[in-house]
Q: 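Have a look at the structure that comes next, please.
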Amino acid sequence: MSALILDGKKLSAEIVAGVAVEVSARVQQSLTVPALAVIQVGEDPASSVYVRNKRQACERAGIRSLMYALPAAVTQSELLALVGTLNHNTLVHGILVQLPLPAHIDAATVLERIHPNKDVDGFHPCNIGRLAVRMPDLRSCTPYGVMRLLALAHADMKGLHAVVVGASNHVGRPMGLELLLAGCTVTTCHRFTRDLAEQVAKADILVVAVGRPGLVRGEWIKPGATVIDVGINRLADGRLCGDVEFDVASARAAWITPVPGGVGPMTVAILMENTLRAARKADMALTEEELAE
Ligand code: NAP
């Protein structure tokens with residue numbers, strides 16, 4: 001058996017094209033053009049690639065992108081002040097702080113300063129909390145992008161056993177909440193999990209987000225499973241790979257994501273959808289203000 005590919009590149013292009021249609025409809029109605037502010041601190045080369053990809057996606061979606069490139073030595077209070085200014089700017093709908101931040105800045109404090117209505121990465125405790133209580137609003141981009149890919153393979157996920165490997169705040173934890181919301185029975189694995197192979201072998205749906213090439217061996221995969229590899233690792237020869245041993249896994253799985261071309265483009269596409277959603281939330285807030293007058 002050779003697994004079918006879950007093509008994130010294709011689906012993400014469709015999603016971004018859909019956002020572009022909605023944005024031009026807003027322009028026709030004289031509504032504001034959605035705007036995304038991206039803050040990059042320092043010049044980490046990988047971050048620069050991610051920021052460039054986001055800017056290019058904005059261009060395709062018709063979203064205005066505003067770039068704030070700050071020096072690596074910027075202080076936490078200067079960064080918080082910029083976030084505060086952007087929170088109050090009614091022409092900015094989404095704010096994204098590119099991670100990782102330099103060691104002298106506490107990322108959690110900065111992310112929490114972003115207004116939840118402008119938190120287009122979906123990292124704010126309010127937005128993660130909304131997902132936890134089944135009231136999702138701005139959803140974390142990577143986990144929700146994974147759900148959109150999974151929908152291509154599973155019309156209904158209820159009752160399936162989903163195993164998430166990795167429990168970070170930005171990927172593994174919201175991923176488990178998304179799968180729970182979809183009715184899966186969810187197991188989350190992390191560095192203290194005792195027998196990773198045993199847990200992986202139970203998965204109808206497997207999502208791996210750790211950042212270690214080859215961590216999940218292909219022979220562990222349940223035959224017929226759907227395998228989503230979130231990991232992005234650069235090998236010594238410059239090639240990118242995920243966390244799952246792709247060749248062996250794809251001989252056992254029914255569906256699998258490639259790296260690159262799987263989850264990565266989906267993350268950016270959901271960011272575009274979230275920015276559009278944030279712009280709509282701003283319209284509604286204005287309407288409520290007008291009604292209150
Ligand atoms: P992270 O913050 O470093 O978290 C990694 C998680 O893996 C942690 O929860 C850690 O457990 C867990 N872990 C470490 N060793 C493990 C082991 N041996 N077995 C099971 N779990 C283990 O990383 P992240 O931000 O979640 O990202 C994970 C990977 O996804 C990276 O390769 C990253 O580049 C990639 N990523 C891709 C996208 C995309 O769009 N495709 C988006 C985001 C991230 P503890 O919690 O116990 O430390």
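Worth saying up front: this structure is predicted, and the values here are computed from it rather than measured. Counting starts at 1 for both ligands and their atoms, following the listed order. Side chains included, hydrogens not; waters and symmetry mates left out as well; all remaining heavy atoms used.
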Q: What pairs meet the salt bridge (Lys or Arg N to Asp or Glu O under 4.0 Å) rule with one or both residues in residues 103-122, with sequence neighbours excluded?
A: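 Passing the test, one end in residues 103-122: no pairs.
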
Q: Give a table of atom pairs where an N or O of ligand 1 lies under 3.5 Å from a protein N or O.
A:
{"residue": "ligand 1", "atom": "9 (O)", "partner": "A167", "partner atom": "N", "Å": "2.7"}
{"residue": "ligand 1", "atom": "9 (O)", "partner": "S168", "partner atom": "N", "Å": "3.2"}
{"residue": "ligand 1", "atom": "18 (N)", "partner": "R212", "partner atom": "NH1", "Å": "3.4"}
{"residue": "ligand 1", "atom": "26 (O)", "partner": "S168", "partner atom": "OG", "Å": "2.5"}
{"residue": "ligand 1", "atom": "32 (O)", "partner": "I232", "partner atom": "N", "Å": "3.0"}
{"residue": "ligand 1", "atom": "32 (O)", "partner": "I232", "partner atom": "O", "Å": "3.3"}
{"residue": "ligand 1", "atom": "40 (O)", "partner": "T267", "partner atom": "OG1", "Å": "2.7"}
{"residue": "ligand 1", "atom": "41 (N)", "partner": "V230", "partner atom": "O", "Å": "3.4"}
{"residue": "ligand 1", "atom": "47 (O)", "partner": "R191", "partner atom": "NE", "Å": "3.3"}
{"residue": "ligand 1", "atom": "48 (O)", "partner": "R191", "partner atom": "NE", "Å": "2.8"}
{"residue": "ligand 1", "atom": "48 (O)", "partner": "R191", "partner atom": "NH2", "Å": "2.8"}

Q: So which residues get pulled into L138's cluster when ILVMFWY side chains under 4.5 Å apart are joined, directly or through others?
A: none

Q: Show your working on side chain to side chain donor-acceptor pair (under 3.5 Å) between S140 and H170 and close with a plain yes or no.
A: CA-CA 7 Å; S140 306; H170 303 147; over 6 Å; no

Q: Are L160 and V186 connected, step by step, through hydrophobic side chains (Ile, Leu, Val, Met, Phe, Trp, Tyr) whose heavy atoms are closer than 4.5 Å?
A: yes

Q: So does A20 get a backbone contact from the side chain of S24, meaning a donor-acceptor N/O pair under 3.5 Å?
A: yes

Q: With Q40, which residues qualify under side-chain hydrogen bond (donor to acceptor under 3.5 Å, both in side chains), at least two apart?
A: S48

